[in-house]
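Structure first, then comments.
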Amino acid sequence: MAKIAVMGYGTVGSGVVEILDRNRELITERAGEAITVKKILDLREFPGDPFEDLVVHDITDIVYDDEISIVVETMGGVDIATKFVSQCLEMGKSVITSNKAMVAANGSKLLELAREHDVRFIFEASVGGGIPIIRNLRSCLTADHIQKIFGILNGTTNYMLTKMYDDGAGYDEVLKEAQEKGFAEADPSADVEGWDACRKIAILSSIVTGKFVDFEDVHTEGITGITPEDMAYAKHMDRVIRLVGSSVIEEDKVHAMVAPMLFDKEHALAGVNMEFNAIFLTSDMLGDTMFYGQGAGKLPTASAVVSDVMEAVQFPHAVKRLVWSADKMPVADLGEEKRRFFARIHGDKALVTEMEKELGSLWVIKVEGLSGELGIVTGEVSEADFMMCRQKHPEIMSAIRLAD
Ligand code: HSE
């Protein structure tokens, strides 16, 4: 029988304990032995909870318990989680985590530590919640060069963008509704500013390249500037707006970014609505593949954690290849990238003519009901040239990149 501990009895941690209990027979059969939760670490007490007797408050109760071979970390945060996880790995315990902030910041160090102590450090639930994407990248797509990753990696913002598009509602109204429904946190900054998606695309890029892609190098924009007017233009263009973490992989660098983008309605990611996530990959042999599902939530995320626990029960020793090394993979300078842009301008045809001198021909859009402004779409221009034009013309009110 494998005995495990869970650090952090919040939404995901309690989901892990629930799944191990509810699906006990199936899990025992598939893992090859029973998996029992021996201890739960949390600062709080849980009176009335069926597992309240398992709760401990001191990490040493887990670290020095030789019977515990696997520890699940679902506490969140970076520094304390990293410290506790390091202690567990150093004591020869495998660690499973859903904590993308910790994995993005300290994954290289923790992977190395796990290898040193011949145990596993696995983190399927850190990207895409319950969607099996990391295991697929590690085990199934290994014969291919992955060339591009486009991911809708944040459920909160995808819910908000879908509602803004479908209902014509404003950002504040939709955020409030998302908070009431429990999709958005009381402090939604990490989601709406794109920081959550940034950590996730950095993790995926690190797995694919085998080197450390630092989330701090990834240009990140959120959805706080998206308006109902943007949605009106998107509809006019037969497109939808999605917050996307993207990474285009070259031999010696990646072009990684998080930003809202306008997708043609025919694109597979355009059909990913509400709180769902999806990861669209392009690789040299397989071509295009998409992984779709619940990117957040108690049981979907806990499901991925439990499957990692089952993997660690069956394969407890360090794997030959480090998922990624501490060598840094450079992120290309954004200014060099070329793409098309949509912009709302506070002006008329004279301004368009002026801008065409800098950006080449522009496609002009006039949406009924939006007076005193125009939409323009550029041909392929560099980020640097577009930024320069934007700085020169304060009449450019907002801009969104096109995803093609
Ligand atoms: N806040 C995240 C989301 C949860 O909305 O997708 C999962 O990481």
Side-chain angles (χ1 to χ4, degrees), residues 8 10-16 19 72-78 81 96-107 122-135 149-164 171 174-207 215 218 220-224 226 241-246 258-261 269 272-280 291-308:
T11 307
V12 180
S14 61
V16 169
I19 291 176
V72 167
E73 185 279 309
T74 45
M75 299 158 44
V78 177
I96 312 302
T97 184
S98 59
N99 183 343
K100 70 233 140 195
M102 179 182 72
V103 175
N106 297 322
I122 335 181
F123 38 86
E124 179 62 64
S126 65
V127 179
I131 305 171
I133 177 63
I134 292 181
R135 190 169 289 109
I149 311 170
F150 269 76
I152 294 178
L153 301 169
N154 184 270
T156 304
T157 47
N158 208 52
Y159 175 87
M160 290 174 66
L161 291 172
T162 308
K163 291 299 264 183
M164 284 176 79
Y171 174 88
V174 168
L175 175 59
K176 195 162 165 271
E177 188 191 321
Q179 284 169 324
E180 280 163 7
K181 292 203 165 158
F183 291 123
E185 309 271 346
D187 177 1
S189 319
D191 295 316
V192 298
E193 300 287 359
W195 306 331
D196 175 81
C198 167
R199 277 144 185 87
K200 292 169 177 169
I201 194 67
I203 293 170
L204 293 180
S205 304
S206 298
I207 294 168
F215 70 90
V218 176
T220 300
E221 296 171 23
I223 64 159
T224 51
I226 302 291
I241 301 172
R242 294 285 174 262
L243 181 70
V244 167
S246 60
V258 174
M261 291 188 122
L269 287 178
V272 178
N273 293 312
M274 303 302 277
E275 72 276 20
F276 281 84
N277 282 198
I279 299 102
F280 188 89
F291 301 86
Y292 168 88
Q294 298 273 1
K298 178 176 172 166
L299 294 178
T301 309
S303 160
V305 174
V306 173
S307 75
D308 278 354

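In listed order, ligands and their atoms are each counted from 1. No experiment lies behind these values; they were computed from the predicted model shown. Residue numbers count from 1 along this sequence.
Rounded to the nearest 0.5 Å, atoms CG (L161) and CD1 (I241) are 7.0 Å apart.
Listed for the Q294 side chain is no donor-acceptor partner under 3.5 Å among the backbone atoms of F276. A distance-only check finds no donor-acceptor pair linking the side chain of E221 to the backbone of E193 [under 3.5 Å]. When atom types are taken as modelled, the side chain of N158 and the backbone of V272 share a donor-acceptor pair closer than 3.5 angstrom.
When heavy-atom distances to ligand 1 are checked against a 4.0 Å cut-off, N277 has no atom that comes that close, whether in backbone or side chain. At a 4.0 Å heavy-atom cut-off, ligand 1 touches T156 through backbone and side chain alike.
For ligand 1, the atoms lying closer than 4.0 Å to a non-hydrogen atom of A296 are 4 (C), 7 (C). The G295 neighbourhood of ligand 1 comprises atoms 7 (C), with distances under 4.0 Å to a heavy atom of that residue. Shown in contact with G155 at under 4.0 Å from a heavy atom are these atoms of ligand 1, numbered in order with element: 3 (C), 5 (O), 6 (O).
The shortest heavy-atom contact between A186 and P188 is O-CD, 3.2 Å.
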**OP:** For side chain to side chain contact (heavy atoms under 4.5 Å, CB included), just list the numbers for I131 and E124, CA-CA rounded to whole Å, side-chain angles, deciding distance to a tenth of an Å, and then say yes or no.
**Re:** CA-CA 8 Å; I131 305 171; E124 179 62 64; over 6 Å; no

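Looking from atom 1 (N) of ligand 1 to the surrounding protein, the closest heavy atom is D191 OD1, 2.8 Å.
Within the structure, the closest approach of G129 to ligand 1 does not fall below 4.0 Å when heavy atoms are considered. Ligand 1 lies less than 4.0 angstrom from a heavy atom belonging to K100. No heavy atom of E275 sits closer than 4.0 Å to any atom of ligand 1.
Here the options are V192, L153, V258, I152, the test is side chain to side chain contact (heavy atoms under 4.5 Å, CB included), and the partner is L243; only V258 passes.
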